[in-house]
Amino acid sequence: TTGLIPNETSDTYIPPSDSIGTFEYYCIIQQGDTSIDCWVSTDTCTIIVTAGPSVQTPFQNDSVCLDGIVNPLIVTPGNNGGTPTYQWFVNGTIITTNGNDSTYQVPTNIAGTYIYECELTFPIGGCLPITSDPIPIEIVADPIIATQPDSLTIICQGGTIPNPLLVTDSTGTGVGQDSYQWYYSTTNSYNGTPISSAIYDTFTPITDTLNIGSHYYYVILSFEGNGCTNDTSQIAQIEIIGDPQAEFDLWSNLNSDSL
């Protein structure tokens, strides 16, 4: 729209900013009756209204184990509004340490769920600050074996253990897919040899060919997630003993008169 602005006859005027574009304003000041043609025009004032500032939040949702590495969080301001200042928040609380940079390095030393946001303030245009989309980051405790295998099982030579060796991981620990590897050792130590195909949470050792004596097994639990450390079970001992021997006393119940 060009021309006279209706009803704007004051010495002040606040231009609207609801339309994008370049607008030129001036004011005519008139004294006395219009017939005497006594007036003056001000200089032209140019107002440029641009689209408001914006911010893009790349997808950065992540879950890592304790002390895992999270890539620095970033937000990308739009072209309008000038170079912004930044203020990062976590769970609604202002971050006072390193919270004013354009990126933020998430600490991962305490387990929990954290929601990060960044508020951007722009110097041009008198625009209100804008806030990025939330970025959830979950820090999970390292894997923990909750159920341990039986510590001692005794069987006769050539027999099979009555219950498989079993472990379970603690709920809420570890990130990603879990995996298992069972080991066999001839000593009560963690210097065993991995057992081929023994890669599940349960394992029944082949015991019918084992010699009499002590045999030891344990499992290492792993998770594929970033920063997850392994957990090792307690050692399960399988003791192989010889079969019982029967002895008969042929004379114990015979009367001497019957000889």
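Numbering of residues begins at 1 and proceeds along the displayed sequence.
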Looking at [X] and [Y], would you say the former's side chain and the latter's main chain have a donor-acceptor pair under 3.5 Å?
X      : Y      : result
Gln148 : Gln234 : yes
Gln31  : Cys38  : no
Gln157 : Asn211 : no
Asp231 : Ile145 : yes
Tyr218 : Gly192 : yes
Asp208 : Gly159 : no
Ser132 : Thr57  : no
Gln181 : Ile195 : yes
Tyr180 : Val219 : no

Using a cut-off of 6.0 Å, state whether more than 12 heavy atoms not belonging to [X] lie near its atom [atom1].
X      : atom1 : value
Ile206 : CD1   : no
Tyr200 : OH    : no
Asp243 : CG    : yes
Ile69  : CD1   : no
Asn71  : CG    : no
Asn191 : CG    : yes

When you group the ILVMFWY residues by side-chain heavy-atom contacts below 4.5 Å and let the links chain together, are [Y] and [X] in the same group?
X      : Y      : result
Tyr13  : Val49  : yes
Tyr216 : Leu166 : no
Leu221 : Leu165 : yes
Val64  : Val140 : no
Val55  : Leu128 : no

Apply side chain to side chain donor-acceptor pair (under 3.5 Å) to Asp11 and list each qualifying residue two or more places apart in sequence or on a separate chain.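 Asp11 satisfies side chain to side chain donor-acceptor pair (under 3.5 Å) with no other residue.
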To check you understand the geometry: which heavy-atom pair defines the closest contact between [X] and [Y], and what is its length?
X      : Y      : value
Leu73  : Gln60  : CA-OE1, 3.1 Å
Ser222 : Asn230 : OG-OD1, 3.0 Å
Ile155 : Thr207 : CD1-OG1, 3.6 Å
Ala141 : Ala111 : N-CB, 4.2 Å
Pro136 : Ile115 : CB-CD1, 3.5 Å
Val167 : Ser233 : CG1-CB, 4.1 Å

May I ask you to test the [X]-[Y] pair for a side-chain heavy-atom distance under 4.5 Å?
X      : Y      : answer
Tyr86  : Pro77  : yes
Ile238 : Pro205 : yes
Asp169 : Pro143 : no
Pro15  : Tyr25  : yes
Pro162 : Thr153 : yes
Asn98  : Gln105 : no
Pro84  : Thr121 : no

List the steps, then state whether side chain to side chain contact (heavy atoms under 4.5 Å, CB included) holds for Thr46 with Thr22. CA-CA 7 Å; Thr46 301; Thr22 300; 3.7 Å; yes
Whether the [X] and [Y] side chains hold a donor-acceptor pair (N or O, under 3.5 Å, no angle test) is what I'd like checked.
X      : Y      : answer
Thr85  : Asn100 : no
Gln56  : Thr76  : no
Gln237 : Ser214 : yes

Please round to the nearest 0.5 Å and tell me the distance separating atom [atom1] of [X] and atom [atom2] of [Y].
X      : Y      : atom1 : atom2 : value
Glu24  : Cys45  : CD    : SG    : 9.5 Å
Asn226 : Leu66  : CG    : CG    : 11.5 Å
Cys156 : Glu239 : SG    : CD    : 11.5 Å
Trp88  : Thr93  : CH2   : OG1   : 15.5 Å
Asn61  : Ile137 : CG    : CD1   : 6.5 Å
Thr50  : Ile124 : OG1   : CD1   : 8.5 Å

Using side-chain contact (heavy atoms from CB on, under 4.5 Å) as the criterion, point out the one residue from Asn80, Ile130, Thr83 that pairs with Phe122. Ile130
Quick one: sort the Tyr217 and Tyr184 rings into parallel, tilted or perpendicular, breaks at 30° and 60°.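 Geometry flag for Tyr184 against Tyr217: tilted rings.
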Tyr116 and Tyr104 aromatic ring geometry - parallel, tilted or perpendicular at 30°/60° bounds: tilted
Take Thr204 and Ile161, measure what side chain to side chain contact (heavy atoms under 4.5 Å, CB included) needs, and give me the verdict at the end. CA-CA 7 Å; Thr204 301; Ile161 61 175; 4.2 Å; yes
